[in-house]
Number of protein chains: 2
Amino acid sequence: MNMKLKLARVEKNLSQQQLADLTDATRQTIGLIEKGKYNPSLNLCVKIAKTLGKTLDQLFWVGVDDS
Amino acid sequence: MNMKLKLARVEKNLSQQQLADLTDATRQTIGLIEKGKYNPSLNLCVKIAKTLGKTLDQLFWVGVDDS
DNA sequence: GCACTATGCAATAAATATTTTGCATATTAA
DNA sequence: TTAATATGCAAAATATTTATTGCATAGTGC
């Protein structure tokens, strides 16, 4: 479950469908990534991060300072 | 051409083959990623970054402060 | 109740990452 | 010269992401 991604999306008031449209993906793909069900490509990760105003690390890196 | 990745690997004195072994990938995959020829999965990016002691952003993010 | 949006889940198809194998060149060391 | 390492390139096979489609449920507002 990628909480950081879900939180960043909700903070921007975007639905899964809207984020999918903005990143040339589908709703299913976004949903599965948020659920941690798979393993997106780097390009898609970058698109998502830029769309949400975050970096790769902020959305997809398991940092040492995670609680 | 992913220079940041190549530089980080060479700084660690690793061959493409050695990095591939450490990340459960193949030499070809590492070579193609360094050449910018494709689009690795997030999991592989994370493995590579951890192996090289870097973060995703340091290897795969096109930062605003790139010269 | 009824329409509408948001999300989850699942099967199939399509696209593409990754592996496997082999051969090529350049470099370095014995 | 010969052996060994490092890298590039390419074709075919495999694995996995991603798209497509459809149906289900919960919530909201009319």
Side-chain angles (χ1 to χ4, degrees):
Chain A
M1 187 75 155
N2 191 332
M3 271 307 184
K4 294 192 269 193
L5 172 54
K6 185 165 192 170
L7 286 177
R9 174 177 62 80
V10 171
E11 279 178 6
K12 284 252 171 182
N13 284 321
L14 293 174
S15 68
Q16 290 183 348
Q17 181 67 66
Q18 289 171 322
L19 178 57
D21 293 339
L22 291 168
T23 55
D24 301 307
T26 58
R27 177 173 70 83
Q28 286 71 4
T29 298
I30 301 297
L32 288 171
I33 295 172
E34 284 187 359
K35 286 224 156 270
K37 282 288 181 176
Y38 54 63
N39 196 6
S41 67
L42 177 61
N43 282 350
L44 183 51
C45 292
V46 170
K47 277 187 187 176
I48 292 172
K50 288 185 175 174
T51 299
L52 296 178
K54 303 281 185 179
T55 70
L56 287 174
D57 286 354
Q58 290 173 327
L59 294 184
F60 300 107
W61 186 252
V62 282
V64 284
D65 57 342
D66 275 348
S67 59
Chain B
M1 189 77 158
N2 190 332
M3 272 306 184
K4 294 192 269 192
L5 172 54
K6 185 164 192 170
L7 285 176
R9 175 177 61 82
V10 172
E11 279 177 7
K12 284 252 172 182
N13 283 322
L14 293 174
S15 67
Q16 291 182 348
Q17 182 66 67
Q18 289 171 321
L19 178 57
D21 292 340
L22 291 168
T23 54
D24 301 306
T26 58
R27 178 173 70 81
Q28 286 74 1
T29 298
I30 300 297
L32 288 170
I33 295 172
E34 284 187 358
K35 286 223 156 270
K37 282 287 182 178
Y38 55 63
N39 193 6
S41 67
L42 177 61
N43 281 350
L44 182 51
C45 292
V46 169
K47 278 187 186 176
I48 292 172
K50 287 185 175 174
T51 299
L52 296 179
K54 303 281 184 179
T55 70
L56 286 175
D57 286 353
Q58 290 173 327
L59 294 184
F60 301 106
W61 186 252
V62 282
V64 283
D65 58 341
D66 277 349
S67 57

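Every chain is numbered from 1, with letters handed out A, B, ... down the list of sequences.
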What distance separates Lys54(B) NZ from Trp61(A) CH2, expressed to the nearest 0.5 Å?
11.5 Å
Sub-4.5 Å side-chain heavy-atom contact between Leu56(A) and Leu42(A)
yes
Boundaries of the DNA chain D segment in contact with chain A, non-hydrogen, under 4.0 Å
dT17(D) to dG22(D)
Shared-cluster residues of [X], by chain and number - hydrophobic side chains joined below 4.5 Å:
X        : value
Met3(A)  : Met1(A)
Val10(A) : none
Leu32(A) : Tyr38(A)

If only atom types and distance count, is the side chain of Asn39(B) paired as donor or acceptor with the main-chain N or O of Ser41(A) below 3.5 Å?
no
Find the bend of the helix from dG1(C)-dC30(D) to dA30(C)-dT1(D) as the angle between its two terminal axes (five pairs each), to the nearest 10°.
40°
With sequence neighbours excluded, give me every salt bridge (Lys or Arg N to Asp or Glu O under 4.0 Å) pair touching residues 30-43 of chain A.
Arg9(A)-Glu34(A)
Which pairs would a plain distance check flag for residues 18-25 of chain B, meaning a side-chain donor or acceptor within less than 3.5 Å of a matching protein atom at least two apart in sequence or in another chain?
residue  : atom : partner  : partner atom : Å
Gln18(B) : OE1  : Ser15(B) : N            : 2.9
Asp21(B) : OD1  : Gln17(B) : NE2          : 3.1
Thr23(B) : OG1  : Leu19(B) : O            : 2.8
Thr23(B) : OG1  : Ala20(B) : O            : 3.3
Asp24(B) : OD2  : Lys47(B) : NZ           : 3.3

So what does Asp24(B) hit on the nucleic acid, given a heavy-atom distance under 4.0 Å: a base, only sugar-phosphate, or nothing?
sugar-phosphate
Among all residues two or more places apart in sequence or in another chain, which pass the side chain to side chain contact (heavy atoms under 4.5 Å, CB included) test with Asn2(A)?
Lys4(A), Leu5(A), Phe60(A)
Side chain to side chain donor-acceptor pair (under 3.5 Å) partners for Thr51(B), two or more places apart:
none
Please list, chain by chain and in numerical order, all residues satisfying side chain to side chain donor-acceptor pair (under 3.5 Å) with Thr29(A), sequence neighbours excluded.
Thr26(A)
Heavy atoms only: give me the nearest Leu52(B)-Lys12(B) pair and the separation to one decimal.
O-CE, 3.5 Å
Contacts to DNA chain C from residues 26-41 of chain A, heavy-atom cutoff under 4.0 Å, which residues?
Arg27(A), Gln28(A), Lys35(A)
Stretch residues 6-23 of chain B: residues that reach within less than 4.0 Å of DNA chain D through a heavy atom:
Arg9(B), Ser15(B), Gln16(B)
